[in-house]
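Here's the structure, in structure tokens; my notes come after.
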Protein chains: 2
Amino acid sequence: MAAPKKRFDEMVAKLKEHGYRLTPQRMAVLKALADSDDHPTIEKIFKRVKPDFSSTSLATIYKTVTLLKELGEVYELSLSEGNRYDAMKPFPHPHLICVNCDTVTDVDINHLADLAAEMSRKTGYRILNQRVDFFGICTDCQAE
Amino acid sequence: MAAPKKRFDEMVAKLKEHGYRLTPQRMAVLKALADSDDHPTIEKIFKRVKPDFSSTSLATIYKTVTLLKELGEVYELSLSEGNRYDAMKPFPHPHLICVNCDTVTDVDINHLADLAAEMSRKTGYRILNQRVDFFGICTDCQAE
DNA sequence: GTATGTGCAAAGAGTTTGCAGGGTA
DNA sequence: TACCCTGCAAACTCTTTGCACATAC
């Protein structure tokens with residue numbers, strides 16, 4: 001677990017810094033995001049916020065997550081099965097995705113920056129970001 | 001251009017082989033796909049089919065593309081801006097995507113299979129496929 | 001002739017937006 | 001107090017589905 005309190009405080013600071021109001025609804029979303037290392041869907045964030053703040057609406061979750069995305073505090077991983085959100089590592093990074101149970105795991109790839117540089121050199125593109133994801137069956141699902 | 005006639009014939013053969021009927025609508029979609037090396041959207045395929053077959057509906061395009069996808073003759077590249085389709089290389093392969101003009105280009109990466117094997121070894125996942133895409137600004141858009 | 005395919009329109013899923021009332025700063 | 005934020009419902013986009021008619025084989 002990557003210090004949830006620290007991420008929460010960072011995100012609160014970012015909102016303050018940009019003059020956004022610290023409403024209880026926003027705090028609840030930040031808390032849910034800072035506690036989630038499983039790349040939750042919007043629906044899942046909604047369900048995690050509800051116990052703390054039962055009157056919250058889905059629209060507010062969407063608005064808050066979109067805001068945090070624009071501030072660079074949340075990374076959106078768009079999959080054909082639906083979008084997933086990551087507030088732990090709010091920047092592009094490689095994933096392993098189990099096509100059976102939809103678990104999303106972070107992975108490290110050593111020479112990813114080199115790969116982007118090579119693409120840029122070969123094609124003339126100015127590379128802004130990349131997406132490297134592997135789809136497969138996780139060990140738990142293989143055991144079933 | 002990767003021999004449009006050949007791809008068209010291959011796709012026709014695949015439909016026949018599986019007992020699907022060769023309707024004029026389907027032929028028009030196959031032709032549009034076999035002629036398109038720009039990773040078209042469904043809407044674009046629709047527009048390319050219309051001149052040949054003005055009564056075609058969007059629903060039929062969706063149904064035909066979905067069928068070809070299931071038969072492994074079309075690869076679906078799902079982007080947050082909308083899905084793109086590739087009948088030239090109907091399998092996962094790396095892309096360069098211009099975030100300004102939405103152009104999608106194929107690229108080669110030498111050791112992609114090695115990368116997947118390394119992931120599998122590190123994590124225990126059985127890797128089925130992967131997605132490696134780079135987002136940036138193409139040379140044309142840089143010049144503007 | 002018969003089952004499959006088409007085309008329309010309606011239904012769905014996921015997400016965004018307009019607006020009136022409420023709450024933060 | 002003033003403006004921003006919330007929550008509801010409606011709108012929107014993309015895609016799928018049900019059904020009656022048409023048609024490939």
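Values below: all heavy atoms of this structure, side chains included; hydrogens, waters and symmetry mates excluded. In what follows, chains are A, B, ... by sequence order, proteins preceding strands, each numbered from 1. A quick note: this is a predicted structure, and the numbers were derived from the prediction, not measured.
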Legend entry - Distance, rounded to the nearest Å, where B:Tyr85 contributes OH and D:dC14 contributes P: 12 Å

Inset, instruction - Indicate yes or no: does A:Arg48 engage A:Asp38 in a salt bridge with an N to O separation below 4.0 Å. - result: yes

Inset, instruction - Report yes or no: does B:Gln130 contribute a side-chain atom to a donor-acceptor pair with the main-chain N or O of A:Gly136 at less than 3.5 Å? - result: no

Inset, instruction - May I ask you to evaluate whether B:Gln25 reaches the phosphate of C:dG7, defined as a side-chain N or O under 4.0 Å from OP1 or OP2? - result: yes

Legend entry - Spacing between A:Lys50 atom NZ and D:dG7 atom C1', to the nearest angstrom: 13 Å

Inset, instruction - Report yes if a side-chain nitrogen or oxygen of A:Asn83 is closer than 4.0 Å to either non-bridging phosphate oxygen (OP1 or OP2) of C:dT15; otherwise report no. - result: yes

Inset, instruction - Please check if the side chain of A:His93 supplies one atom and the backbone of A:Phe91 the other of a donor-acceptor pair under 3.5 Å. - result: yes

Inset, instruction - Send over the distance from A:Phe46 CZ to C:dT15 P, rounded to a whole Å. - result: 13 Å

Inset, instruction - Calculate the interatomic distance between A:Arg26 atom CZ and C:dA25 atom P; express it in whole Å. - result: 10 Å

Inset, instruction - Under the salt bridge (Lys or Arg N to Asp or Glu O under 4.0 Å) rule, what do A:Lys31 and A:Asp52 come out as? Steps first, then yes or no, please. - result: CA-CA 10 Å; A:Lys31 184 168 165 292; A:Asp52 290 19; 3.3 Å; yes

Legend entry - Of residues 55-79 of chain B, the positions that come close to DNA chain C - non-hydrogen atoms, cut-off under 4.0 Å: B:Ser55, B:Thr56, B:Ser57, B:Ala59, B:Thr60, B:Lys63

Legend entry - 5'-most by nearest nucleotide on DNA chain D - B:Glu43 or B:Leu22: B:Glu43

Legend entry - Pair B:Lys69 + B:Asp86, salt bridge at N-O below 4.0 Å: no

Under-3.5 Å N/O pairs linking protein and nucleotides 21-23 of chain C:
unit_1	atom_1	unit_2	atom_2	d
C:dG23	N2	A:Arg21	NH1	2.4

Inset, instruction - Estimate the overall bend of the helix from C:dG1-D:dC25 to C:dA25-D:dT1 from the end axes over five pairs each, rounded to 10 degrees. - result: 30°

Legend entry - Rounded distance in Å - CE (B:Met27) to C1' (D:dC25): 13 Å

Inset, instruction - Could you tell me whether B:Arg7 and B:Glu10 have a side-chain N and a carboxylate O separated by less than 4.0 Å? - result: yes

Legend entry - Test item: B:Gln142 side-chain N/O and A:Gly124 main-chain N/O as donor-acceptor pair under 3.5 Å: yes

Legend entry - A:Lys122/A:Glu118 ion pair, N-O < 4.0 Å: yes

Inset, instruction - Grab the CD1-P distance between B:Ile45 and D:dT15 for me, whole Å please. - result: 10 Å

Legend entry - Carboxylate-amine/guanidinium proximity below 4.0 Å for B:Arg84 and B:Glu76: no

Legend entry - B:Ser36 (side chain) donor-acceptor with B:Ala32 (main chain) under 3.5 angstrom: yes

Legend entry - Backbone of B:Ile61 reached by a side-chain donor or acceptor of B:Thr64 within 3.5 Å: no

Legend entry - Value in whole Å for how far the C1' atom of C:dT15 lies from CD of A:Glu81: 17 Å

Legend entry - Whole-Å distance separating the NZ atom of A:Lys44 from the P atom of C:dT15: 14 Å

